[in-house]
Amino acid sequence: MCGIIGAIHMKGNIASLLRQSLKRLEYRGYDSSGIATASEGILFIKKDKGKIDEIHHRLNFDNLPGSIGIGHTRWATHGPPSKVNAHPHTDCQNRIAVVHNGIIENYQELREQLLLNGHQFRSQTDTEVIPHMIEEALNKTKRLDKAVAQIIPQLEGSYAIVVLEANGKELVCARKESPLVVGLGPRGVYCASDVPAFLPMTRKAIIIEDNELVHLTSKSANVSRFDESGSLIKLPSRAPSVVDWTIDMAQKGGYPHFMLKEIHEQPRALSDTLRIRKDDLEAFAGILHNHKNVITIAAGTSFHATLAAKYMFSHIANHLMHGVIASEGSDTVAKSLGADTAVLAVTQSGETIDTLHAVKHLKNQGATVLAITNTVGSSITRLADSVLYTQAGPEIGVAATKTFATQLATLALLAISLGTMTGVQTKKESQDLLGALNQYPDLIQSVIRNKERMIKETAQEYITKSSFFFLGRGISTSTAMEGALKIKEIAYVHAEGYPAGESKHGPIALVEPGFPVVFVAPNDKTRRHLEGNVMEMKARGAQIISICSNQDQELINLSDHAITLPALPSLFFSPISYAVPLQLLAYYAAILRGHNPDQPRNLAKAVTVL
Ligand code: AGP
């Protein structure tokens, strides 16, 4: 995915603002970037391969003239990261500049036709067809919004685009299946992939829906709906909503990296999320209760949260949920489910394309769609019949941390609500569970406060290791898988997260003296069995790192390194606290290996391509 921004001010140069906005969108992609501005009838463009700061250092974005412009930060799909493939892209005359997030699936056919019409292409991107198509349309209509509306029906795939014309009076943006928000500020008007892009300028935002186009001037944002024929239907003016995120929430606040800041924010994020209204939870739980099948759809870390949820729902509500990984969603389900199914989608961004596709597939078969997301106005919220919001605040680091904790908390609340509704838990039992859950923010706080330094030292001890196993049993399998994902994605260390019981069926073949195995071992009822797995690994010379209770002297003695946690208020929610040492371990493993954990190679915060 990529980040896009457009901005118009009444006066003053806009380039520096665009650059800073792009920095706040860099989590969406960071292999190349560019800015185009317009002044006195001329387009000015600077773009290159690399991160925004590096390019700025070389080219100085800030001296681009004009009070109107667009910007882009890229995560390459069509064409490798390079100066020519960086956005903005322009038409033959250099009069139209376009930034785009998404994929134009039929770009080859469009490009061939445009080549026949005499257009000249400079890049290998799918995006470049758009400015050339607008160039042709502008020969027929002089209005930029009409020209964009005319070409859009020919584009197949997903897009959020912003278009700038050299006349420098207006911007046009439009979306289909890629996020787009408009910001209305005292000095001007903005559009972007995500709210943090314009948070310092305004908190007033209008969420743009699929098949909508916005005509922006420095004082207005007029939203229209476009249709297949290329016509525009003006929509009544829409009151902006006021976003309750602060700029501090989207900045590093003194931490060296967003990831570390977000790990430290978990107690706050968790407390806020635990305040979800009881009525909202009961409405959700009621829908789950009234459907024969409940399946969860999620990707990556969110999938691990749903794995943990499966255990919570079984134990707390006697309710079996089927967990389906998003990228396999429609193929797994095929036509097997219908109106007696509730699908629970879990996605922090609300934009993961695999999750959206699987959910659409189920919705088309009559399923009721529930969503848990961190992002107001995201695509999943428009697909869902009902939404619960986690209260993590913006998560900028590519590695999900605080959103994992808040997803787990939301799912735990939901399991308790369902268990209470169906009588599996008595009122007293559910109050005890809620009481236990409410102790987790302090618990996490103490883990971070007391263990961070020791975890950093542990990461240093294993600096030469290139492969790890992360093993757990029961609900801790999800924690182990999450720990392996974290260290893989930001420290580039091979790691496998596995159910400990399964490790005998293959993985153990890799174990030789010195091989590091991390055991996630809360003192729950799986603990006894887990000891057998520890012994099997030790017998083959593995180095044992345990994440365990500070009262588990037996395991502490068996381990080469033990990262201990205080006793848990309830063992059903252990991943909330046991994931924290693993997040810190991955963070320091990345730092000590010289990698930037906020921007791991080849990854993007939300994956919006199939
Ligand atoms: C986690 O650290 C990853 N960055 C990634 O696996 C992520 O969880 C996945 O892409 C799902 O994203 P979503 O929650 O926004 O749908």
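Just follow the structure's listing: the first ligand is 1, and inside any ligand the first atom is 1. Computed from a predicted structure; not experimentally measured. Worth knowing before you read on, the calculation uses all heavy atoms, side chains too, and leaves out hydrogens, waters and symmetry mates.
For atom 15 (O) of ligand 1, the closest non-hydrogen atom of the protein is Ser349 OG, 2.6 Å. Looking at atom 1 (C) of ligand 1, its nearest protein heavy atom turns out to be Thr301 OG1, 3.0 Å. Scanning the protein for heavy atoms near atom 14 (O) of ligand 1, the closest one is Ser302 OG, 2.5 Å. Ranking the protein heavy atoms by distance from atom 4 (N) of ligand 1 puts Val398 O, 2.8 Å first. What sits closest to atom 2 (O) of ligand 1 on the protein, heavy atoms only, is Glu489 OE2, 2.3 Å.
Against a heavy-atom cut-off of under 4.0 Å, Thr352 is close to the following atoms of ligand 1: 11 (C), 12 (O), 13 (P), 15 (O), 16 (O). Every atom of ligand 1 is numbered from 1 in the order shown, and the set under 4.0 Å from a heavy atom of Ala400 is 1 (C), 2 (O). The contact set between ligand 1 and Ala399, taken as ligand atoms under 4.0 Å from a residue heavy atom, comprises 2 (O).
Checking side-chain atoms of Asp598 against main-chain N and O of Met259 turns up a donor-acceptor pair under 3.5 Å. A distance-only check finds a donor-acceptor pair linking the side chain of Glu26 to the backbone of Ile52 [under 3.5 Å].
Proximity of Lys486 to ligand 1, defined as any heavy-atom pair under 4.0 Å, is confined to the side chain (atoms from C-beta onward).
Under the 4.0 Å criterion applied to side-chain N and carboxylate O atoms, Asp524 and Arg473 are not assigned as salt-bridge partners. A salt bridge links Lys486 with Glu482: the distance from a Lys NZ or Arg NE/NH1/NH2 to an Asp or Glu carboxylate oxygen falls below 4.0 Å.
Ring geometry, Tyr462 versus His561: the interplanar angle exceeds 60°, so the pair is classed perpendicular (tilted spans 30 to 60°).
If you check each of Ala604, Gly300, Ala299 against atom 11 (C) of ligand 1, the one with the closest non-hydrogen atom is Ala299.
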